[in-house]
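Just so we're clear, the structure is a prediction, and the values are computed from it rather than from any experiment. Order of the sequence lines sets the chain letters (A, B, ...), proteins ahead of strands, with each chain counted from 1.
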Amino acid sequence: MEERYRPGELEAKWQRRWEEQGLYRCAVDAARPKFYCLEMFPYPSGKLHMGHVRNYSIGDAVARYHRMRGFNVLHPMGWDAFGMPAENAAIARGVHPARWTWDNIARMRSQLKELGLSYDWEREVATCHPGYYRWTQWLFVLLYRRGLAYRKRAAVNWCPRCATVLANEQAEGGVCWRCGTEVVQKELEQWFFRITAHAEALREDLAQLSGWPERVRTMQENWIGRSEGVELTFRVAGTGEELAVFTTRPDTLYGVTFLALAPEHPLAARCAAADPSLAAFLAQAGGEGARERSLDKRGMPLGMRAVHPVTGEEVPLWVANYVLTGYGTGAVMGVPAHDQRDFEFARRYGLAIREVIRGEAPLGDAAYTGPGRMINSGSFDGMPSEEAWEAIADFLERRGLGRRQVQYRLRDWLVSRQRYWGVPIPIVYCPRCGTVPVPEEALPVLLPEEVRFTGEGPSPLVEAAGFVQTTCPSCGGPARRETDTMDTFICSSWYYFRYVSPRDAARPFDRDEAAYWLPVDQYIGGIEHAVLHLLYSRFITKVLRDEGWTDVAEPFRNLLTQGMVIKDGAKMSKSKGNVVSPEEIVARHGADTARLFILFAAPPEKDLEWSDRAVEGAARFLQRVWRLVQGMKDQPSAATGGEELLRAAHRTVRRVSEDVERFSFNTAVAAIMELVNAAYAYREAGGDRAPAVDRSLELLTLLLAPFVPHLAEELWEALGHEESVHLAAWPAYDPDLVREATVEVAVQVDGKLRDRLQLPPGLHTQEMERRALASEKVRHALGGKPVRRVVAVPDRLVNIVTG
RNA sequence: GCGGGCGUGGCGGAACCGGUAGACGCGUGGGACUUAGGAUCCCAUGGGUAUCCCGUGAGAGUUCGAAUCUCUCCGCCCGCACCA
């Protein structure tokens with residue numbers, strides 16, 4: 001017998017063998033059901049953290065379980081390898097981003113391999129590899145040809161710290177998603193993806209995603225932000241110029257006392273030409289970040305008036321910092337009585353407030369936004385406001401003054417970045433032909449390696465003359481390359497397709513392979529991508545579907561969002577100094593212990609509190625399992641005995657199977673611990689080795705396989721098996737063996753527990769009642785009181801209710 | 001402010017459909033083995049004025065029966081926050 005469980009040697013041994021045997025390689029097999037198990041690929045920062053370990057331990061348990069269940073499992077891993085940290089390292093330390101990134105990948109790959117995760121490493125992809133980004137460029141050109149990639153000048157989010165623009169999703173709450181710096185608005189010409197073209201489908205298809213957490217679906221729904229309203233036209237008094245506004249409250253039309261324009265509105269700019277103080281206001285308000293703007297509502301009159309389309313009344317035109325450009329028409333009706341923002345603005349500047357919907361009480365010290373009865377609204381007076389909504393919309397449409405419209409909060413995806421370490425946008429500007437996409441056969445547009453990193457001025461690509469100067473793919477004349485690179489979220493928006501045929505040099509991915517493997521059956525990652533990566537991926541999938549590359553409308557059928565790893569009440573982070581390094585834990589206790597602890601300590605979707613003590617407990621448990629199996633396997637075997645233990649093992653098979661199906665790994669592990677305790681109790685009571693005991697130990701080992709793959713493999717071998725435990729079938733339980741000989745039935749008197757009876761299962765309720773009433777303790781508790789009623793739940797309890 | 005989630009022993013957490021609250025682990029106490037042990041094994045471990053009573057943030061309600069359902073309140077966490 002092997003003396004002691006030594007995870008270090010044992011884990012290295014099995015990792016080597018698995019790799020030699022190609023145990024986790026997979027290929028299309030139409031005869032077997034497939035299971036695509038995917039965890040969000042990491043950014044190669046160079047160091048694995050506990051969040052990764054958690055993410056990948058969960059994914060590996062899911063993958064291994066399904067493999068044993070007979071599924072053909074695709075379980076790949078790769079690198080989201082473009083992005084700013086590499087470039088910052090180049091600036092700070094003079095290391096080339098490519099070198100830095102590839103070194104980090106090498107380091108993290110070996111850290112991942114030490115965890116013994118069942119990846120098909122032959123499918124590894126890195127988004128910074130030309131063999132990958134060539135197809136990211138192809139994707140860009142595809143979108144361009146479909147009219148979904150376009151360039152426009154617009155007010156965009158600019159992060160001064162990162163020195164680049166950001167998409168809306170990446171500037172939530174007015175701060176940069178990466179560094180937390182407050183973003184400012186800048187007017188720049190940039191590339192966009194027309195994600196809004198799919199706004200309705202992205203919203204509607206959320207309903208199909210029953211395998212996603214409600215929370216994530218709600219976040220996406222809010223982000224897309226569909227609203228129904230009316231776009232109507234006012235005319236500027238005197239000039240007759242048209243001014244469109246969008247409102248979701250046509251029922252408040254008669255309450256308009258002013259119109260408010262965004263600072264970026266063209267009409268405001270024109271007025272400013274003759275008004276320096278207005279110009280100053282616009283310049284200031286326009287540059288404000290979202291956070292500053294939210295501080296208070298400010299504005300200026302434009303000195304013009306607009307004509308109310310229905311009443312003919314003239315109302316003043318204002319510019320207001322709370323009106324957003326880029327949503328609706330950038331101009332709104334000011335209805336102070338029924339919109340809180342307009343109310344505050346009107347109060348501040350002394351504008352009229354006209355009540356047109358009467359709720360329970362007359363207008364008080366705030367806007368009334370609820371329903372009510374129409375007043376001060378001409379022929380609509382007296383109508384319920386919900387009815388008036390439709391009536392006024394109809395009226396405006398009939399008179400040609402407005403049209404019903406659906407608006408989305410979602411904006412187009414700003415995809416260009418003024419950075420070096422990213423995918424070059426495959427576009428050439430030709431003085432004769434204009435904007436020309438690089439043809440597919442000329443891809444990839446390689447990212448030049450010989451560039452200078454100063455950390456100042458524009459992106460190094462701008463100064464790379466050999467890169468910028470090119471010839472036009474269309475006319476052959478001299479032309480200039482686009483020097484912006486792509487948002488790295490484009491790289492990660494299609495990687496799950498690339499895994500199906502990662503080395504295909506002729507196409508982004510093989511359609512047949514994709515038809516077999518997609519969609520991803522289980523996707524696992526952090527909640528932080530609820531509206532970023534997960535929304536972009538859904539969009540790109542729809543584009544590929546429209547282009548005929550796939551039939552799936554949604555890439556991720558089921559989504560599990562795992563919680564954070566916490567220590568001392570805070571997320572593990574360098575700045576907090578509460579980081580526990582996975583490398584250290586693996587070196588001290590082994591990967592199996594680390595994985596077991598992580599799965600056992602908390603349900604996957606909840607935050608996990610790190611505890612060194614509990615890690616030791618996990619290590620102790622594995623030692624205990626080791627001693628149990630190693631200590632029994634060579635004993636002489638009796639002919640019979642251990643039948644109760646085998647029954648317990650079958651019950652454990654049932655529990656673990658059910659728990660794993662619902663991702664309740666912590667209770668699955670607890671059930672296995674109980675089985676081990678039962679085995680110890682059996683041995684303590686003098687039980688010998690016997691066929692039933694051997695089978696129990698086998699079942700135990702099979703149940704452990706998804707969680708602690710190395711130890712399970714070693715024990716499986718010790719139990720005399722030649723083929724890997726990971727190729728074994730997940731055990732089925734025998735229904736006869738899991739049936740209990742007796743069940744414990746609780747007996748209550750007036751809802752209070754008074755006795756517990758051991759009864760044969762399946763007893764009739766009358767018989768249960770009879771036996772409950774016969775109980776000494778029950779009679780004592782009743783104390784002669786009359787029984788009014790008896791409630792009996794088969795195999796569970798009897799409740800005796802007294803008068 | 002709006003939307004969502006969560007409050008269970010000293011700690012992490014169980015209790016899946018309204019049916020025996022506290023599985024499993026950590027910690028703690030005790031015992032065994034031992035030259036010794038921080039190794040290992042076993043036992044105990046919600047609280048109390050203990051044949052009984054109280055206990056799932058607080059209070060009410062529904063029910064034979066509530067951690068679980070409903071309402072009010074308190075606390076914590078997350079998301080959104082001028083989208084007209």
J.: So if I take every side-chain heavy atom of A/R627 and compare against B/U40, B/C64, B/A84, which nucleotide ends up nearest?
T.: B/U40
J.: Determine: side-chain N/O of A/R613 to OP1/OP2 of B/G12, distance under 4.0 Å, yes or no.
T.: no
J.: Starting at CD of A/E221 and ending at C1' of B/G4, how long is that distance when rounded to a whole Å?
T.: 13 Å
J.: For the P atoms, the ones on B/A84 and on B/G79, what distance do you get once it is rounded to whole angstrom?
T.: 22 Å
J.: Give a yes/no on whether any side-chain N or O of A/R624 is located under 4.0 angstrom from OP1 or OP2 of B/C41.
T.: yes
J.: Using residues 789-798 of chain A as the side-chain source, report each donor-acceptor pair under 3.5 Å to any protein atom, sequence neighbours left out, with the distance given to one decimal.
T.:
| from | atom 1 | to | atom 2 | distance (Å) |
| --- | --- | --- | --- | --- |
| A/D795 | OD1 | A/G762 | N | 2.8 |
| A/D795 | OD2 | A/G762 | N | 3.4 |

J.: Do A/M50 and A/K571 come close enough that some side-chain heavy atom pair is under 4.5 Å?
T.: no
J.: Looking across every strand, which nucleic acid part, if any, lies under 4.0 Å from A/D607 by heavy atom: base, sugar-phosphate, or nothing?
T.: sugar-phosphate
J.: When you check the phosphate oxygens OP1 and OP2 of B/G27, does a side-chain N or O of A/R620 lie under 4.0 Å from one of them?
T.: yes
J.: With the 90 degree cut-off around zero defining syn, does B/G13 come out syn or anti?
T.: anti
J.: Please work out if A/R409 contacts a base, only the sugar-phosphate, or nothing of the nucleic acid, heavy-atom cut-off 4.0 Å.
T.: base
J.: Heavy atoms only, 4.0 Å cut-off, all strands: where does A/D342 land among base, sugar-phosphate and nothing?
T.: nothing
J.: If you take the centroid of each ring, where Trp contributes its six-membered ring, are A/F345 and A/F258 closer together than 6.0 Å?
T.: yes
J.: What's the closest nucleotide to the side chain of A/L753 if the choices are B/A14, B/U20, B/A84?
T.: B/U20
J.: Output yes when at least one side-chain N/O atom of A/R796 is less than 4.0 Å from OP1 or OP2 of B/U20, else no.
T.: yes
J.: Pick the nucleotide of RNA chain B nearest each of A/A602 and A/V743; which residue has the one closer to the 5' end?
T.: A/A602
J.: In dot-bracket form, how is RNA chain B paired, counting a Watson-Crick or G-U wobble pair only if both its distances are under 3.5 Å and using | for bases paired to another strand?
T.: (((((((..(((......[....)))((((((.......))))))(((...)))..(((((..]....))))))))))))....
J.: Quick check on B/A84: is either OP1 or OP2 less than 4.0 Å from any side-chain nitrogen or oxygen of A/Y327?
T.: yes
J.: In terms of the angle between their ring planes, are A/W610 and A/F597 parallel, tilted or perpendicular, with boundaries placed at 30° and 60°?
T.: perpendicular
J.: May I ask you to decide if the ring planes of A/Y327 and A/F246 are parallel, tilted or perpendicular, using 30° and 60° as cut-offs?
T.: perpendicular
J.: With sugar-phosphate meaning primed atoms plus P, OP1 and OP2, does A/G617 contact a base, only sugar-phosphate, or nothing at under 4.0 Å between heavy atoms?
T.: sugar-phosphate
J.: Select base, sugar-phosphate, or nothing to describe what A/S611 touches, counting heavy atoms under 4.0 Å on all strands.
T.: nothing
J.: Taking the P atom in each of B/C6 and B/G10, what is the distance between them to the nearest angstrom?
T.: 23 Å
J.: What's the closest nucleotide to the side chain of A/N799 if the choices are B/G65, B/U20, B/C82?
T.: B/G65
J.: For A/E744, report the nucleic acid contact type (base, sugar-phosphate, nothing); a contact means any heavy atom under 4.0 Å.
T.: base
J.: Over how many whole Å does the gap from A/L535 atom CG to B/G79 atom C1' extend?
T.: 15 Å
J.: Just to be sure I understand the rule, does A/R217 reach a base, reach only the sugar-phosphate, or reach nothing, if contact means heavy atoms closer than 4.0 Å?
T.: nothing
J.: Tell me the interatomic distance from A/F600, atom CZ, to B/C26, atom C1', rounded to whole angstroms.
T.: 9 Å
J.: Counting only side-chain nitrogens and oxygens, does A/H780 get under 4.0 Å of the OP1 or OP2 atom of B/C52?
T.: yes
J.: Looking at RNA chain B, which of residues 647-675 of chain A put a heavy atom within less than 4.0 Å of it?
T.: A/R662, A/N666, A/T667, A/A670, A/M673, A/E674
J.: What's the verdict on salt bridge (charged side-chain N to carboxylate O under 4.0 Å, His left out) for A/E674 and A/R655, showing C-alpha distance, side-chain angles and the deciding distance?
T.: CA-CA 11 Å; A/E674 284 184 63; A/R655 283 174 66 185; 3.0 Å; yes
J.: Distance check needed: B/G25 P versus A/Q623 CD, whole Å only.
T.: 16 Å
J.: Can A/R4 be said to sit on top of A/W626's aromatic six-ring, NZ or CZ under 6.0 Å from centre and within 45° of the ring axis?
T.: no
J.: Say we look at B/C11 and B/U62: how far apart would their P atoms be, to the nearest angstrom?
T.: 33 Å
J.: For atom P, what is the distance between B/C54 and B/G37, given to the nearest Å?
T.: 45 Å
J.: Would you indicate, yes or no, if B/A84 has its OP1 or OP2 atom less than 4.0 angstrom from a side-chain nitrogen or oxygen of A/S227?
T.: yes
J.: Give a yes or no on whether A/R404 atom CZ has more than 12 heavy-atom contacts from other residues, nucleotides or ligands under 6.0 Å away.
T.: yes
J.: Taking only side-chain N and O atoms of A/N222, does any of them lie within less than 4.0 angstrom of OP1 or OP2 on B/C2?
T.: no
J.: Between B/A84, B/C78, B/U20, which nucleotide has the shortest distance from any of its atoms to the side chain of A/R215?
T.: B/C78
J.: Return the OG1 to CG distance between A/T593 and A/L622, rounded to the nearest 0.5 Å.
T.: 4.5 Å
J.: For A/T218, answer base if it contacts any base atom (sugar-phosphate contacts may also be present), sugar-phosphate if it contacts only those atoms, and nothing otherwise; contact means non-hydrogen atoms under 4.0 Å.
T.: nothing
J.: Classify A/Y680 by what it touches in the nucleic acid, base, sugar-phosphate, or nothing, heavy-atom distance under 4.0 Å.
T.: sugar-phosphate
J.: How close or far is atom C1' of B/C26 from atom NE2 of A/H589, stated in whole angstroms?
T.: 14 Å
J.: Under 3.5 Å, is there any donor-acceptor pair linking the side chain of A/K606 to the base of B/C6?
T.: no
J.: Rounded to whole Å, how long is the line connecting atom CD of A/E609 with atom P of B/C77?
T.: 15 Å
J.: Can you tell me how far C1' in B/G25 sits from the matching atom in B/C77, rounded to whole Å?
T.: 25 Å
J.: How far does the C1' atom of B/A36 sit from the matching atom of B/C16, given to the nearest Å?
T.: 49 Å
J.: Would you indicate what A/V801 reaches in the nucleic acid, counting non-hydrogen atoms under 4.0 angstrom: base, sugar-phosphate, or nothing?
T.: sugar-phosphate
J.: By nearest atom, which of the nucleotides B/C82, B/G19, B/A81 is closest to the A/W223 side chain?
T.: B/A81
J.: Would you mind telling me which residue lines up with the more 5' stretch of RNA chain B, A/R756 or A/L608, judged by nearest nucleotide?
T.: A/L608
J.: Any side-chain donor-acceptor pair under 3.5 Å between A/D342 and A/Y322?
T.: yes
J.: Parallel, tilted or perpendicular: which one describes the rings of A/H529 and A/H533, with boundaries at 30° and 60°?
T.: perpendicular
J.: In whole Å, measure the gap between the P atoms of B/G9 and B/G47 for me.
T.: 12 Å
J.: Taking the side chain as C-beta and beyond, is there a heavy-atom pair between A/L267 and A/L261 under 4.5 Å?
T.: yes
J.: To the nearest angstrom, how far is A/E616 atom CD from B/G12 atom C1'?
T.: 15 Å
J.: Would you measure the distance from the C1' atom in B/C69 across to the matching atom in B/C76 and give it in whole Å?
T.: 23 Å
J.: Kindly confirm or rule out a cation-pi arrangement of A/R651 over A/Y733, judged by NZ or CZ under 6.0 Å from the six-membered ring centre and within 45° of its axis?
T.: no
